[in-house]
K.L.:
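The structure that follows is given in the form of structure tokens.
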Amino acid sequence: MSTTPDTAPTAASAPNPQGGGEEQQKLPLFALLALATAVFITCLTETLPAGLLPAMSEDLRVSQSATGQTVTVYAIGTALTAIPLTAATAGWRRRKLLLTAMAGFALANTVTALSSVYELTMVARFVAGVAAGLAWALLAGYARRLAPVHLQGKAMAIAMAGIPVALSLGVPAGTFLGDWLGWRVAFLSMTVLTIVLLVWIFVGVPDFPGQERGERPKLRTLTIPGVSPVLFVTLVFVLAHTILYAYIASYLKDLGLDGHTGLILLVFGAASLASIWIVGAQINRRLRGLTVGGALLVAVASLLLAVLSDTTALVYVAAVLWGLGWGGVPTLLQTAVGDAGGESADAAQAMLVTLWNVAMAGGGIAGGILLDTLGSASFPWTVLLLLLPVLAVVLHARKAGFPAHRPVAAAPAPAAEA
């Protein structure tokens, strides 16, 4: 999620579509897929404990709710450092900064895999969150900067595809690998993948200059019409999702479906992939409708889990609906806040990154409290309750924030990159 404006010359990377050449109409897929892999690593590092919670809890000799805070502390690391670190490194060349952030993931995941001390594990997870703050500040803007103006939406959708791929393949694969060889191997495999990605970025991703000091933005965007509604929806929607997702292994175990965790996550993730494909194809024309539809699908999934979770088949149906509703949400919200922010899209994106991770941290904390006090059965009811104000705000923000039609003028929205 990007935080600073792309004011450097971009003629080579984002040519005017009116220029007409075939070369101008193509997306740099090799570079975009590297960014998607970086997104995959950031997302999977954050959510991998969801499928490994019982095993990690036993090995670290703490409760499952305490182990769930490994998701919380990651999000706190991102929320506390995304804006100040992005501002501090605004002058760095882009590829150097991305390589630094991904090296942070390699270090943090290695320490997590080798640590047998809960406190050290939490420190490593915090460091991973700091690395995520830097990475998210780059990735969306990098994707937009690599593409022609008229293909920037598709470029961002390709880069953000790393999120549903992490959920559909990464978390289930990590869960299966953890069940087979132990949860530490799952984290070590992340280190190996990150090392491969570092080479890929160095070889295949074009470099761009950082920002001149005078070009760096000020974070004064809350008064811009449409920004606040998008940020509110981000905070509450992500909070609702995290409460259930961060403790999905515990929830399924209480249903007697602990042996189904990997497969249910796979079903959820496959549906998320379908969702991001649909969103990528339709976002320019139906951003508002897609956002409403996503919230409704997650709400229906929560209702199914709340009242019909004793039927295994319906749990799988709920996972499909959940994935279809959630998969495109990151792209929808980033696009909405960028459109609403206009010339201040950079600052709006910074706030979105921060609130996203505040919600992730809050979801980890709230989920742990609910698990210890009311039990996991309270999760779907809580999600359903939180989605009511989400739907109300999206429906109300019809003029600014979530308009029926996106403002797709010929001039590009600021390609927000740290």
K.L.:
Tell me, yes or no, whether the heavy-atom count around Glu58 atom CD, taken from other residues, nucleotides or ligands under 6.0 Å, exceeds 12.
P.N.:
no
K.L.:
Taking atom CD1 of Ile369 and atom OG of Ser378, what is their separation to the nearest 0.5 Å?
P.N.:
11.0 Å
K.L.:
By the side chain to side chain donor-acceptor pair (under 3.5 Å) test, which pairs, at least two apart or in different chains, include something from residues 379-403?
P.N.:
none
K.L.:
Rounded at 0.5 Å granularity, tell me how far OG1 in Thr331 sits from CD1 in Ile276.
P.N.:
4.0 Å
K.L.:
Can you list the residues that meet the side chain to side chain contact (heavy atoms under 4.5 Å, CB included) rule with Val192, with sequence neighbours excluded?
P.N.:
none
K.L.:
Can you name the one residue among Val111, Thr112, Ile76, Thr72 that meets side chain to side chain contact (heavy atoms under 4.5 Å, CB included) with Arg125?
P.N.:
Thr112
K.L.:
Is it the case that atom CH2 in Trp200 sees more than 12 heavy atoms from other parts of the structure closer than 6.0 Å?
P.N.:
yes
K.L.:
To check you understand the geometry: which heavy-atom pair defines the closest contact between Ala135 and Ala101, and what is its length?
P.N.:
N-CB, 4.0 Å
K.L.:
Measuring from atom CZ of Phe208 to atom CG of Leu97, what distance do you get when rounded to the nearest 0.5 angstrom?
P.N.:
14.0 Å
K.L.:
For a 4.5 angstrom cut-off between non-hydrogen side-chain atoms, does Ser228 reach Phe232?
P.N.:
no
K.L.:
Would you indicate whether the side-chain heavy atoms of Thr110 and Met190 approach each other to under 4.5 Å?
P.N.:
no
K.L.:
Got a sec, which residues hit ring pair (Phe, Tyr, Trp, His ring centres under 6.0 Å) with Phe187, two or more places apart in sequence or on another chain?
P.N.:
Trp183
K.L.:
Can you name the closest pair of heavy atoms from Met122 and Gln69 and give their distance?
P.N.:
CE-O, 3.6 Å
K.L.:
Can you tell me how far apart OG1 (Thr37) and CG (Leu193) are? Round to the nearest 0.5 Å.
P.N.:
7.0 Å
K.L.:
Would you please name every residue forming a side chain to side chain contact (heavy atoms under 4.5 Å, CB included) with Leu333, sequence neighbours left out?
P.N.:
Val230, Val233, Thr234, Val329, Leu352, Trp356, Phe402
K.L.:
Once rounded to the nearest 0.5 Å, what's the spacing between atom CH2 of Trp322 and atom CG of Leu304?
P.N.:
13.0 Å
K.L.:
Check Gly401 against Leu287 and note the closest heavy-atom contact, atom names and distance.
P.N.:
O-CD2, 4.5 Å
K.L.:
Mind listing the closest non-hydrogen atom pair of Ser275 and Gly328 along with its distance?
P.N.:
OG-N, 2.9 Å
K.L.:
One pair to check against side-chain contact (heavy atoms from CB on, under 4.5 Å): Phe379 and Ile248. What are the steps and the verdict?
P.N.:
CA-CA 9 Å; Phe379 293 161; Ile248 189 64; over 6 Å; no
K.L.:
Could you pull out all residues at least two apart from Thr194 that satisfy side-chain hydrogen bond (donor to acceptor under 3.5 Å, both in side chains)?
P.N.:
none
K.L.:
Quick one: does Arg95's side chain have a donor or acceptor within less than 3.5 Å of a partner on Pro206's backbone?
P.N.:
no
K.L.:
Under 3.5 Å, side chain of Thr78 to main-chain N/O of Gly129, donor-acceptor pair present?
P.N.:
yes
K.L.:
Can you tell if the side chain of Leu52 reaches within under 4.5 Å of the side chain of Thr67, non-hydrogen atoms only?
P.N.:
no
K.L.:
Less than 4.5 Å apart, any side-chain heavy atom of Arg288 and any of Leu395?
P.N.:
yes
K.L.:
Quick one: does Leu387's side chain get under 4.5 Å of Phe237's, heavy atoms only?
P.N.:
yes
K.L.:
In sequence, state the C-alpha distance, the side-chain angles, and the governing distance for Phe105 and Leu197, and then conclude on side-chain contact (heavy atoms from CB on, under 4.5 Å).
P.N.:
CA-CA 11 Å; Phe105 280 102; Leu197 177 62; over 6 Å; no
K.L.:
I'd like to know whether Leu324 forms a side-chain contact (heavy atoms from CB on, under 4.5 Å) with Val320, so could you lay out the CA-CA distance, the side-chain angles of the two residues, the decisive distance to 0.1 Å, and finally the verdict.
P.N.:
CA-CA 6 Å; Leu324 287 173; Val320 172; 4.0 Å; yes
K.L.:
Determine, stepwise, if the pair Tyr245 / Phe268 fulfils side-chain contact (heavy atoms from CB on, under 4.5 Å).
P.N.:
CA-CA 10 Å; Tyr245 192 84; Phe268 166 82; 3.6 Å; yes
K.L.:
Taking side chain as C-beta onward, heavy atoms only, is Leu386 less than 4.5 Å from Ile243?
P.N.:
yes
K.L.:
CZ/Arg184 to CE/Met56 distance, rounded to the nearest 0.5 angstrom?
P.N.:
8.5 Å
K.L.:
Return the minimal non-hydrogen interatomic distance between Ala34 and Val205, and the atom names on each side.
P.N.:
CB-CG2, 3.7 Å
K.L.:
Is it the case that Ser115 and Thr121 place a side-chain donor and acceptor less than 3.5 Å from each other?
P.N.:
yes
K.L.:
With sequence neighbours left out, write down each residue that passes side chain to side chain contact (heavy atoms under 4.5 Å, CB included) with Ala66, or none if nothing qualifies.
P.N.:
Val62, Ser63, Tyr118
K.L.:
Under 6.0 Å from the CZ atom of Phe202, do we count more than 12 heavy atoms belonging to anything else shown?
P.N.:
no
K.L.:
Quick one: closest heavy-atom pair of Val292 and Leu391, and the distance?
P.N.:
O-CD2, 3.8 Å
K.L.:
Can you find a heavy atom in the side chain of Val238 that is under 4.5 Å from one in the side chain of Leu355?
P.N.:
no
K.L.:
Are the side chains of Leu98 and Leu35 in touch, meaning some heavy atoms are under 4.5 Å apart?
P.N.:
yes
